[in-house]
Amino acid sequence: MRRAVLFGFVLVAACSDAGTLSDQGPELALEATSLSFGAVPLGATKRIRISIENSGRQTLEIRELILAAPFAVEISATSLAPGATGRLDVAFAPEQVDEVIGSLQVLTNASAEPTRVTLRGSGVQAELRGLPSEVDFGAVRLQE
């Protein structure tokens, strides 16, 4: 009579990185976490372009961009494949002479919490300067 001998093995996989499971989804990577527009004259607009990348393994969906005037934003794509990059064009058009601090919130399918970018700029009075500041035409005679 033969006996069957069964050997049991238990394989335990240890994860050294606690975020391993979350790394399987989309992941938002922004070029900057804050933007400084500096001094911008009233009536003018300054734009800053930043890169946005999906460093994850699934498609990144940009669901919403939230910010308030005098800041504005345009996005090149609302869906980014893994490894793809896009851009955000952020603009500042001051409406009054004052420092303005705001934030851009980027809501995606990568996280339940929005990713924030701090925005700063100062509205200043426009100055018109000409060189030279004075022109002397001397004695000018008008012809009849």
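Scope of the values below: all heavy atoms of this structure, side chains included, with no hydrogens, waters or symmetry mates. The structure presented is a predicted model; accordingly, all values stated were derived computationally and were not measured.
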For the hydrophobic clusters of this structure (ILVMFWY residues joined by side-chain heavy atoms under 4.5 Å, transitively), does one cluster hold both V40 and L67?
yes
Kindly compute the distance separating CG (L80) from OG (S55), expressed to the nearest 0.5 Å.
10.5 Å
Within the structure provided, determine whether V100 and P70 are in side-chain contact (heavy-atom separation under 4.5 Å).
yes
If we only count heavy atoms from C-beta on, is the V117 to L88 side-chain gap below 4.5 Å?
no
Name all pairs fulfilling the ring-ring contact (aromatic ring centres under 6.0 Å, His included) condition that reach into residues 42-61, sequence neighbours left out, sorted by first residue then second.
none
Indicate the atoms forming the closest heavy-atom contact of D89 with R49, along with that distance.
OD1-NE, 2.7 Å
Do you know which two heavy atoms are closest between E61 and S79, and how far apart they sit?
OE2-OG, 3.1 Å
Without swapping roles, check the side chain of N109 against the backbone of G25 for a donor-acceptor pair under 3.5 Å.
no
Counting N and O atoms only, with roles assigned by atom type, does the side chain of N54 sit under 3.5 Å from a partner on the main chain of G83, one being a donor and the other an acceptor?
no
Check A91 against R47 and note the closest heavy-atom contact, atom names and distance.
CB-NH1, 3.3 Å
Measuring from L35:CG to S103:OG, what's the distance to the nearest 0.5 Å?
11.5 Å
For R87 and S76, the nearest pair of non-hydrogen atoms, with its separation, is N-OG, 2.9 Å
Are the side chain of S51 and the backbone N or O of E31 linked by a donor-acceptor pair below 3.5 Å?
no
Find out whether I52 and I62 are in side-chain contact, i.e. whether some heavy atom of one side chain is under 4.5 Å from a heavy atom of the other.
yes
Minimal non-hydrogen separation, A110 against P26, with atom names
CB-O, 3.4 Å
If you define the side chain from C-beta out and look only at heavy atoms, does anything of V97 sit under 4.5 Å from Q125?
yes
What are the two closest non-hydrogen atoms of Q24 and Q58, and how far apart are they?
O-CG, 3.4 Å
Please check if the number of heavy atoms outside E74 that lie under 6.0 Å from its CD is greater than 12.
no
Is there a path of hydrophobic side-chain contacts, each under 4.5 Å between heavy atoms of I, L, V, M, F, W or Y residues, that connects V73 with I66?
no
Are V106 and L65 close enough that some pair of their side-chain heavy atoms sits under 4.5 Å apart?
yes
Contacts satisfying ring-ring contact (aromatic ring centres under 6.0 Å, His included) that involve residues 76-116 (not counting sequence neighbours) are F37-F92, F71-F92
Evaluate the side-chain proximity of L28 to L60: yes if any heavy-atom separation is below 4.5 Å, no if none is.
yes
